[in-house]
Visitor: 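A single structure is presented below for examination.
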Amino acid sequence: MRSFALRIHTRAAASLIAGMLLTCAAAGAEPLVDPAYLANIKDDYTTPPRGMTAAERASWQTPDLARMPAAPPNGNVRAQAEYESTDGLLIRWGSQNALLTEMVVAATTLDATARMYIVVTGEAQRNAAADILAGAGANMSRVEFIIQPCNTGCSVWMRDYGPRFIESDGIRAVIDHTYNRPRAVDNAFPDLWSASTLDPQYDIPLVHGGGNFHLFANRRAFMTRLIQNENAGSNAQQIHDLYRDYQGLDVEIVDAFPSSFDSTQHIDMWTLPVDDDEIIVSDYPENGDQTPDAIADTFAAARAQEGYTVYRIPGWSSGFGTGTHYTYANSVVLNSIVMICTFNGQDARNEQARAVYAAAFEDKTIVQVNCSGIIGLAGAIHCIVMHVPVARTLLLFRDQFE
């Protein structure tokens, strides 16, 4: 545990937060990208929701994976935590392009080494994206494009369908699950990645949305009960054993928020690992639907009992049952920086969240990006990236030639 240890509960520490706000406000920087420039960036297509559209819901049939043989990697398996040093981030261009531009500029200019792997539909989209990113100030020497043709069925939600990475006996490899949405191009992307990079791929026999997953470097991991609901043929112990075998993890399944509050029921919408024994957990008002508040408080109390330092940040809904779930826990740790959401202009909770992140990640630069345009689709910035660990062969290559 770091020498600076702090337990924060937003309802109990308002005075502490207020004092920290002054420091954080003074440390705030001008936007990395001119807001007027961002306002002129257009999307190539409409962003599908992180959940299913009405048409998708009507046609969706849960895949039967009962006959899919389990074939995990042999040898020593390790999954990398997001707070560990990483090669970069994987994203898909096409929608939410202004938000992606902010993130690419931050990743390639504020961190010394991070790369951005950007999936595009073809040469025309690659050239357009490169022009936009260069104009915004991105370091294009650290941007790599991957082409996957797509007319329909592709989306920005890379966290949910993208390749999950492990090391198998020190070699980077891919764990591929069946995407819990009827989006064939998205679901096929891990196959394309593996074929392009020669990363070995292992198919885990589970239907899954990757945002319902958080892990620590010490092999602890958490998912909500959505994983059981989507895999009725597998019980909790079987799911636990699959993650042990495929990713070397000790998974604990916890209660999910009701879908009326958060349509994804993904754990990345309300919690974030900070370090092996530190975690951020959202804190919800004690009014309206009590379930999210009770689930988050119970989870936070359990982690504190285990010795974790628990940081609490605001979370809320614009209206129970039909509203938007606002969360600051859905953020991106990338080596020396942490990208976090802002909402609704000068909402005081934006600076509350920044103060908590500055305390939790005291050795990193906190970068705020505007998530007002994406949060209504039931996701934010963690949902649109996948962390890519450094491949050992790639690391050796860079050591020799860079």
Side-chain angles (χ1 to χ4, degrees), residues 1-14 16-17 20 79-84 159 210-228 236 239-240 243-244 247-258 261-262 264-286 290-316 325-333 338 340-341 352-353 355-364 366 380 382 387:
M1 184 180 294
R2 297 179 180 136
S3 58
F4 178 80
L6 175 65
R7 297 186 187 278
I8 292 180
H9 192 291
T10 54
R11 290 197 290 262
L16 175 60
I17 291 291
M20 293 172 68
Q80 184 183 42
E82 294 170 17
Y83 52 77
E84 296 183 271
R159 177 67 54 178
N212 184 29
F213 187 53
H214 263 315
L215 65 96
F216 293 78
N218 60 10
R219 297 182 181 268
R220 292 226 45 202
F222 296 93
M223 312 176 82
T224 75
R225 299 194 193 284
L226 174 67
I227 189 68
Q228 290 177 260
I239 293 168
H240 174 276
Y243 277 90
R244 177 200 62 202
Q247 299 191 50
L249 295 169
D250 179 15
V251 168
E252 180 176 338
I253 298 175
V254 301
D255 288 339
F257 284 8
F261 188 92
D262 186 301
T264 71
Q265 298 193 304
H266 288 183
I267 202 166
D268 74 342
M269 291 297 285
W270 52 277
T271 187
L272 177 79
V274 173
D275 209 335
D276 286 357
D277 52 7
E278 299 178 70
I279 191 167
I280 288 171
V281 182
S282 294
D283 190 22
Y284 296 90
E286 291 182 339
Q290 298 297 307
T291 308
D293 179 60
I295 289 174
D297 285 354
T298 298
F299 182 85
R303 305 291 77 78
Q305 184 67 31
E306 293 170 343
Y308 286 71
T309 297
V310 180
Y311 303 86
R312 305 302 300 271
I313 53 173
W316 72 98
H325 175 195
Y326 287 87
T327 174
Y328 297 103
N330 197 280
S331 58
V332 178
V333 183
V338 183
I340 68 172
C341 291
Q352 248 186 319
V356 174
Y357 272 91
F361 294 97
E362 72 270 18
D363 58 342
K364 300 185 188 298
I366 310 303
H382 185 263
H387 289 75

Visitor: Any side-chain donor-acceptor pair under 3.5 Å between Tyr83 and Asp276?
Guide: yes
Visitor: For Asp283 and Asp293: C-alpha separation, side-chain torsions, deciding distance, then whether side-chain contact (heavy atoms from CB on, under 4.5 Å) applies.
Guide: CA-CA 7 Å; Asp283 190 22; Asp293 179 60; 4.0 Å; yes
Visitor: Show the nearest heavy-atom pair for residues Ala296 and Ser282, with the distance to one decimal.
Guide: CB-O, 3.4 Å
Visitor: Considering non-hydrogen atoms only, spot the tightest contact between Gln352 and Pro314 and give its length.
Guide: OE1-CG, 3.5 Å
Visitor: For Val338, run the side-chain contact (heavy atoms from CB on, under 4.5 Å) check against Val332, Val274, Ile366 and tell me which one passes.
Guide: Ile366
Visitor: Could you check whether Arg244 pairs with Asp250 (Lys NZ or Arg NE/NH1/NH2 to Asp/Glu carboxylate O, under 4.0 Å)?
Guide: no
Visitor: How close do Leu272 and Ser331 get, heavy atom to heavy atom, and via which atoms?
Guide: CD2-OG, 3.2 Å
Visitor: Any donor-acceptor pair under 3.5 Å linking the side chain of His387 with the backbone of Val333?
Guide: yes
Visitor: Ignoring hydrogens and angles, tell me if any N or O in the side chain of Gln228 forms a donor-acceptor pair with the backbone of Arg225 under 3.5 Å.
Guide: no
Visitor: Going by the angle between their ring planes, with limits at 30° and 60°, are Tyr243 and Phe213 parallel, tilted or perpendicular?
Guide: tilted
Visitor: Can you tell me how far the CG atom of Asn330 sits from the CD1 atom of Ile267, to the nearest 0.5 Å?
Guide: 12.0 Å
Visitor: I'd like to know if the side chain of Thr224 reaches the main chain of Gln265, judged simply by a donor and an acceptor atom lying under 3.5 Å from each other, with no hydrogens or angles considered.
Guide: yes
Visitor: Is the His214 ring parallel, tilted or perpendicular to the His382 ring (thresholds 30°, 60°)?
Guide: tilted
Visitor: Please report the interatomic distance CZ(Phe216) to CD(Glu82), rounded to the nearest 0.5 Å.
Guide: 10.0 Å
Visitor: Test side-chain contact (heavy atoms from CB on, under 4.5 Å) on Val281 and Trp270 and set out the steps.
Guide: CA-CA 6 Å; Val281 182; Trp270 52 277; 4.2 Å; yes
Visitor: Got a second to check how far Arg159's CZ is from Thr264's OG1, nearest 0.5 Å?
Guide: 13.0 Å
Visitor: Could you tell me whether Asp277 and Arg220 have a side-chain N and a carboxylate O separated by less than 4.0 Å?
Guide: no
Visitor: When you measure from the side chain of Asn212 to the backbone of Met223, do you find a donor-acceptor pair of N or O atoms at a distance under 3.5 Å?
Guide: no
Visitor: His266 versus Leu226: any side-chain heavy-atom pair under 4.5 Å?
Guide: yes
Visitor: Taking all non-hydrogen atoms of both residues, which atom of Pro285 and which atom of Gly315 are closest, and how far apart?
Guide: CD-O, 3.3 Å
Visitor: Would you name the heavy atoms of Glu278 and Tyr311 that are closest together and state the gap between them?
Guide: OE1-OH, 2.7 Å
Visitor: Which atoms form the tightest heavy-atom contact between Ala300 and Val310, and what is the distance?
Guide: O-CG2, 3.7 Å
Visitor: Check for a donor-acceptor pair, side chain of Thr271 on one end and backbone N or O of Ile280 on the other, with a separation under 3.5 Å.
Guide: yes
Visitor: Roughly how far, to the nearest 0.5 Å, is the CG atom of Leu215 from the CD atom of Gln247?
Guide: 7.5 Å
Visitor: Examine Tyr328 together with Tyr357 and report whether their ring centres are nearer than 6.0 Å.
Guide: no
Visitor: Could Arg303 and Phe299 be counted as a cation-pi pair, given that NZ or CZ must be under 6.0 Å from the ring centre and within 45° of the axis?
Guide: yes
Visitor: Classify the ring geometry between Tyr284 and Phe261 as parallel (under 30°), tilted (30 to 60°) or perpendicular (over 60°).
Guide: perpendicular
Visitor: Atom CD1 in Ile239, atom CD1 in Ile253: separation rounded to 0.5 Å?
Guide: 4.5 Å
Visitor: Any chance you could measure Ile313, atom CD1, to Thr327, atom OG1, to the nearest 0.5 Å?
Guide: 5.5 Å
